[in-house]
Student: 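I'd like to ask some things about the structure below.
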Amino acid sequence: MAPSFDWWGKDTRRGTPVVVKMENPNWSMVELEGPSKDDFLIAGESPTGRTREKARGKNAKQLTWVLLLKAHKAAGCLTSIGSAMVDLVATVRRRVASGRTDEDDADADADNDVTGKENPTVKSRFYSCIKVFLWLSVLLLGFEVAAFFKGWHFGTPNFQLDYLWASPWGFKGAFGWIYSQWVSIRVDYLAPPLQFLTNACVVLFISQSLDRLILCLGCFWIRFKKIQPVLKPGDEDLESGEKGYFPMVLVQIPMCNEKEVYQQSIAAICNLDWPKTNLLIQVLDDSDDPTTQLLIKEEVHKWQQEGANIVYRHRVIRDGYKAGNLKSAMNCSYVKDYEFVAIFDADFQPTPDFLKRTVPHFKDNEELGLVQARWSFVNRDENLLTRLQNINLAFHFEVEQQVNSVFLNFFGFNGTAGVWRIKALEDAGGWLERTTVEDMDIAVRAHLHGWKFIFLNDVECQCELPESYEAYRKQQHRWHSGPMQLFRLCLPAIIQSKISVWKKFNLIFLFFLLRKLILPFYSFTLFCIILPMTMFVPEAELPFWVVCYIPAMMSFLNILPAPKSFPFIVPYLLFENTMSVTKFNAMISGLFQLGSAYEWVVTKKSGRSSEGDLVSLVEREQKHQRGASAPGLEEMKEEFEKQEQKGSSRKKHNRIYVKELALAFLLLTASARSLLSAQGIHFYFLLFQGISFLLVGLDLVGEQIG
């Protein structure tokens with residue numbers, strides 16, 4: 001508390017003791033003397049020499065304690081860094097000793113519901129290519145180090161081969177002859193095609209960067225002009241007496257073995273603020289676990305007793321993944337009574353006013369086929385992995401979806417948190433099981449039939465982000481292989497459609513090629529293959545501005561929609577390049593119809609909720625306790641818990657990812673080679689990118705479970 005003064009400037013209180021408590025328990029508590037009136041002299045008052053000397057002593061003492069506090073805080077930081085490094089080393093040793101890798105298919109399938117099997121030969125082909133590059137780089141590094149210690153300058157294209165002919169016996173030495181042949185081969189045969197590939201990737205990189213820049217400018221224009229969809233005033237509903245637009249709405253919740261999240265999603269959707277007579281909720285359960293089926297069925301029964309208009313559906317033959325599930329539900333006879341269908345995945349929790357903020361956009365707009373809401377994440381600050389995902393998805397919704405909605409009336413349906421006009425779904429041919437991205441498939445076909453889409457950036461629906469690298473990696477594989485499958489299937493239909501030439505160009509070159517194919521291709525090829533190769537073939541050059549300036553600018557633009565994530569801009573840049581190996585592999589699998597293109601993995605959920613959701617869940621549980629449970633449900637729950645405890649030791653563990661580790665050593669080897677050539681920017685980029693691959697390969701990002 002600060003000392004108080006009366007109007008003539010004298011202290012009206014005694015000196016107040018100040019207690020400083022150190023965070024370290026080994027430090028003692030120290031009592032400092034509080035300020036006196038000599039410390040607060042008014043202007044014009046001349047202190048005596050003794051007073052001045054006393055004030056100097058007090059100032060010195062206070063400064064000493066401030067410095068001590070700063071030193072203590074710095075010592076605490078150093079201690080925490082040291083302990084963190086010790087823990088990191090112990091984790092790495094434990095993970096390497098366990099020997100669990102992503103190649104162990106039996107363990108990988110235990111954590112998730114995998115309904116597509118990949119040919120082992122196809123799966124290892126990509127990894128084998130990376131290993132070849134790795135061993136070749138190690139061999140070349142040893143070769144170049146030996147040449148370096150002989151004093152040969154090998155960092156410039158104008159290499160003097162005559163220098164290699166000198167030897168004590170007057171003829172060319174064996175090593176000099178081999179090295180001269182290697183230089184001749186790389187100058188005549190390796191450098192030209194490598195330089196051509198480098199230039200091609202740079203052109204693709206610049207093209208994609210310009211596309212990203214134009215999208216950002218479009219987003220700035222939308223914000224500057226405050227462009228947003230406007231709701232039209234609705235009429236009064238005759239039954240409810242409320243003013244608004246209340247058509248018949250069907251809500252679908254597709255789920256499959258998602259026991260962690262079914263309760264909160266069903267509860268959130270049953271609490272939607274909409275006339276009950278105009279709303280029907282379908283729980284589309286594709287679970288193959290009998291216990292999970294019974295738990296979900298019991299939850300639906302509880303909400304039926306609460307008065308919710310909700311039904312439970314379970315397919316015996318689970319064909320077609322999520323698309324097959326939705327297609328089966330749309331074939332019900334009562335669907336013809338409904339005009340719109342809202343779709344929510346099992347981990348999505350819409351707010352009660354979700355339908356009131358989305359459905360009215362369809363009023364008096366017969367061309368509108370889809371209204372898409374934005375996602376928000378309950379666990380975005382859980383770990384580094386979720387923070388980096390939030391950056392990506394914030395850009396996707398804030399920039400890509402919003403700009404395409406405003407200027408083109410088309411974007412890819414996100415598969416959930418959206419409301420479809422049922423007539424648009426039927427006009428587009430309904431749900432098809434031909435790809436693993438059924439949401440993008442139906443959106444493209446509806447667009448070809450002339451339907452328009454609206455994205456609402458101000459309407460959010462809460463959901464979860466994958467917290468483990470394994471779950472995120474499999475999700476990204478599906479998200480990047482499916483579009484290439486769809487491109488092969490839709491290309492003839494796009495060319496033959498009656499939409500404008502500009503819309504065809506947007507679909508083929510921007511939507512599919514530039515953003516779905518070129519982005520993962522150049523990201524992996526340029527920064528993970530070409531850049532390391534140019535270190536060993538210095539005659540092919542990669543400009544430093546490609547390595548430094550453009551990636552930094554693109555990362556800056558990507559992170560703008562999530563300004564709180566600016567401290568993570570460097571980890572984001574490195575992690576995006578690290579993920580390029582997964583995205584490139586998925587893109588190739590989808591483009592050439594390889595085995596892994598048809599792999600469907602249900603993303604692992606943790607069942608996290610916001611604080612408000614937890615409170616409401618407790619209140620609902622108290623109400624539900626009055627009702628009776630289904631026969632044998634408690635016994636099934638106990639058996640289920642026993643199975644969970646029994647299988648936890650087998651299922652819960654981190655893995656080592658061999659492709660990422662191989663690329664880590666490849667990049668670190670190339671960084672050592674660039675150090676010999678004194679290439680500063682390239683060295684630092686390769687070094688930090690190699691460390692990033694190493695951390696990801698050892699599964700040190702995301703959830704740590706053992």
Side-chain angles (χ1 to χ4, degrees), residues 113 115 248-272 274-338 340-350 354-355 415-417 419-420 422 431 438 463 602 605 607 609 613 616-617 620-621 623-637 639-640:
D113 178 33
T115 53
M248 301 291 286
V249 177
L250 177 68
V251 179
Q252 296 178 332
I253 317 174
M255 57 180 64
C256 180
N257 294 328
E258 293 171 285
K259 54 187 176 293
E260 299 87 0
V261 293
Y262 73 94
Q263 280 185 309
Q264 56 202 39
S265 63
I266 292 176
I269 292 168
C270 286
N271 284 320
L272 287 172
W274 200 258
K276 293 183 179 180
T277 55
N278 294 7
L279 180 69
L280 175 64
I281 302 170
Q282 286 181 320
V283 177
L284 311 178
D285 182 23
D286 254 7
S287 304
D288 57 1
D289 176 41
T291 305
T292 305
Q293 294 176 24
L294 190 57
L295 292 173
I296 297 174
K297 190 181 298 183
E298 173 66 11
E299 185 70 16
V300 172
H301 178 66
K302 288 179 180 179
W303 281 103
Q304 287 174 342
Q305 290 180 330
E306 293 288 331
N309 192 10
I310 183 172
V311 296
Y312 174 86
R313 281 181 53 85
H314 176 72
R315 293 194 304 161
V316 178
I317 303 176
R318 301 165 58 239
D319 291 338
Y321 315 126
K322 180 181 175 181
N325 196 1
L326 295 172
K327 181 179 180 179
S328 174
M330 293 299 293
N331 290 330
C332 295
S333 59
Y334 52 78
V335 173
K336 66 179 184 297
D337 299 327
Y338 293 85
F340 303 101
V341 56
I343 302 172
F344 299 97
D345 282 351
D347 60 318
F348 277 72
Q349 305 165 44
F354 181 88
L355 293 180
T416 177
V419 182
W420 277 94
I422 294 180
W431 298 102
E438 72 293 326
C463 62
V602 177
K605 312 294 193 311
S609 300
D613 297 326
S616 60
L617 183 62
R620 291 195 302 269
E621 287 298 323
K623 293 180 181 179
H624 290 162
Q625 285 175 359
R626 298 192 298 266
S629 298
L633 180 63
E634 295 300 327
E635 291 78 4
M636 291 289 290
K637 286 183 178 179
E639 182 65 23
F640 176 73

Student: Find the distance between NZ (Lys302) and CD (Gln263) and round it off to the nearest 0.5 Å.
Tutor: 6.5 Å
Student: Nearest heavy-atom pair of Gln282 and Cys332: which atoms, and what distance?
Tutor: NE2-SG, 4.0 Å
Student: Any chance the side chains of Ser287 and Asp285 put a donor and an acceptor closer than 3.5 Å?
Tutor: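 Judged by distance alone, the side chains do pair up.
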Student: Find the distance between CG (Leu284) and SG (Cys256) and round it off to the nearest 0.5 Å.
Tutor: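 Taking CG in Leu284 and SG in Cys256, the distance rounds to 12.0 Å.
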Student: Taking atom CG of Asp286 and atom OH of Tyr321, what is their separation to the nearest 0.5 Å?
Tutor: 12.0 Å
Student: Side-chain contact test, heavy atoms from C-beta onward, threshold under 4.5 Å: evaluate it for Pro254 versus Ile343 and give yes or no.
Tutor: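 They are in contact (side-chain heavy atoms under 4.5 Å apart), so the answer is yes.
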Student: Please round to the nearest 0.5 Å and tell me the distance separating atom CG of Leu250 and atom CG of Leu280.
Tutor: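 Reported to 0.5 Å precision, the distance equals 5.5 Å.
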Student: Are Ile266 and Ile310 packed together at the side-chain level, in the sense that at least one heavy-atom pair is separated by less than 4.5 angstrom?
Tutor: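 Result yes, sub-4.5 Å side-chain heavy-atom pair found.
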Student: Do any N or O atoms from the side chain of Asn257 and from the backbone of Asp288 form a donor-acceptor pair under 3.5 angstrom?
Tutor: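 Yes, the answer is positive, given that a donor and an acceptor are paired below the 3.5 Å cut-off.
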Student: Is the closest side-chain heavy-atom distance between Val251 and Ile281 below 4.5 Å?
Tutor: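 A side-chain contact exists here, since the closest heavy-atom pair is under 4.5 Å.
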Student: Might you point out which heavy atoms bring Lys322 and Gly415 nearest each other, and give the distance in Å?
Tutor: NZ-O, 2.8 Å
Student: Going by the side chain to side chain contact (heavy atoms under 4.5 Å, CB included) test, name the single residue among Ile296, Thr291, Thr292 that passes it with Lys259.
Tutor: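 Result: among Ile296, Thr291, Thr292, Thr292 is the only option passing the side chain to side chain contact (heavy atoms under 4.5 Å, CB included) with Lys259.
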Student: Would you call Asn271 and Trp303 a side-chain contact if the rule is heavy atoms closer than 4.5 Å?
Tutor: yes
Student: Does the side chain of Glu258 reach to within under 4.5 Å of the side chain of Ser265, using non-hydrogen atoms?
Tutor: no
Student: Give me the atom names and distance for the closest heavy-atom approach of Ala346 to Met255.
Tutor: CB-CB, 3.7 Å
Student: Could you tell me whether the side chain of Tyr262 reaches within less than 4.5 Å of the side chain of Val283, counting heavy atoms only?
Tutor: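 They are not in contact (no side-chain heavy atoms under 4.5 Å apart), so the answer is no.
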Student: Can you tell if the side chain of Gln293 reaches within under 4.5 Å of the side chain of Tyr312, non-hydrogen atoms only?
Tutor: yes
Student: Compare every heavy atom of Leu355 with every heavy atom of Val419, then report the nearest pair and how far apart it is.
Tutor: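 Nearest heavy atoms, Val419 then Leu355: CG2-CD2, 4.5 Å.
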Student: Output the distance between atom CE (Met248) and atom CZ (Phe340), rounded to the nearest 0.5 Å.
Tutor: 12.0 Å
Student: Can you list everything that forms a ring-ring contact (aromatic ring centres under 6.0 Å, His included) with Tyr338? Sequence neighbours excluded, please.
Tutor: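 Partners of Tyr338 by the ring-ring contact (aromatic ring centres under 6.0 Å, His included) criterion come out as none, since no residue qualifies.
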Student: In Å and rounded to the nearest 0.5 Å, what is the CG to NE2 distance from Asn325 to His314?
Tutor: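 Nearest 0.5 Å value for the CG-NE2 distance: 9.5 Å.
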Student: Can you name the nearest heavy-atom pair linking Val311 to Gln304, along with the distance?
Tutor: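 That closest heavy-atom pairing would be CA-NE2, 4.1 Å.
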